[in-house]
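In what follows, residues are counted from 1 in the order of the sequence shown.
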Amino acid sequence: QVQLVESGGGLVQAGGSLRLSCTASGSIFSSNTMAWYRQAPGKQRELVATITSRGTINSADSVKGRFTITRDNAKKTVYLQINSLKPEDTAVYYCKLTAVGVEYWGQGTQVTVSS
């Protein structure tokens, strides 16, 4: 059983920064993709960025230049560095791991940006 635990969310003023972390535990296939999604109130969950176990990255156009996804395979952890936060970045941020066609989700971490 794979479990994902996110951390690092919180309340921050506009213009500030946060680093979110997501650590996986359990039996994980070595070739996998980890991703960050977010869901704002009243909106659908949207993809923020993905990173493969080899380090290939894809990011949503809306976050390029402000959001950076990285991972540490030894620690089974993916990070999301968020800079220049805006009120519209307020959302629950979710981590997802995909391996051999199976998806695992974390419980989410709340990010709230005040203006």
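Judged by the 6.0 Å distance and 45° axis criteria, Arg19 is positioned over the aromatic ring of Tyr79.
Taking NZ of Lys64 as the reference point, atom CD1 of Ile57 lies at 11.0 Å (rounded to 0.5 Å). Going from atom OG1 of Thr33 over to atom CG of Leu97 covers 8.0 Å, rounded to the nearest 0.5 Å. How far CG of Leu85 is from CZ of Arg66: 6.5 Å, rounded to the nearest 0.5 Å. Here Leu18 contributes atom CG and Ile82 contributes atom CD1; the two are 6.0 Å apart, rounded to the nearest 0.5 Å. One distance of note links OH of Tyr104 with OG of Ser25; it measures 11.5 Å at 0.5 Å rounding.
Side-chain atoms of Thr90 and Thr112 form no donor-acceptor pair, as typed in the model, at a separation below 3.5 Å.
Ionic pairing of Lys86 and Asp89 is not present here: no N-O contact between side-chain nitrogen and carboxylate oxygen is shorter than 4.0 angstrom.
Aromatic ring pairs are classed by plane angle as parallel below 30°, tilted from 30° to 60° and perpendicular above 60°; the pair Phe67 and Tyr93 is tilted.
Under the 3.5 Å distance criterion, the side-chain polar atoms of Glu6 are matched with a main-chain donor or acceptor of Gln107.
When side chains are defined from C-beta on, Trp36 counts as touching Cys95, because their heavy atoms get closer than 4.5 Å. Two residues are said to be in side-chain contact when any heavy atoms from C-beta on lie closer than 4.5 Å; Val78 and Leu80 fail this criterion.
By the criterion of side-chain heavy atoms lying less than 4.5 angstrom apart, applied directly or through intervening Ile, Leu, Val, Met, Phe, Trp or Tyr residues, Val102 is grouped together with Ile51 in one hydrophobic cluster.
Under the side chain to side chain contact (heavy atoms under 4.5 Å, CB included) test applied with Arg38, the options Val92, Val111, Val63 reduce to a single match, Val63. A side chain to side chain donor-acceptor pair (under 3.5 Å) with Arg71 is found for one member of Thr52, Asn32, Thr77 and no other, namely Asn32.
Within a 6.0 Å sphere centred on CD of Gln3, heavy atoms belonging to other residues, nucleotides or ligands number 12 at most.
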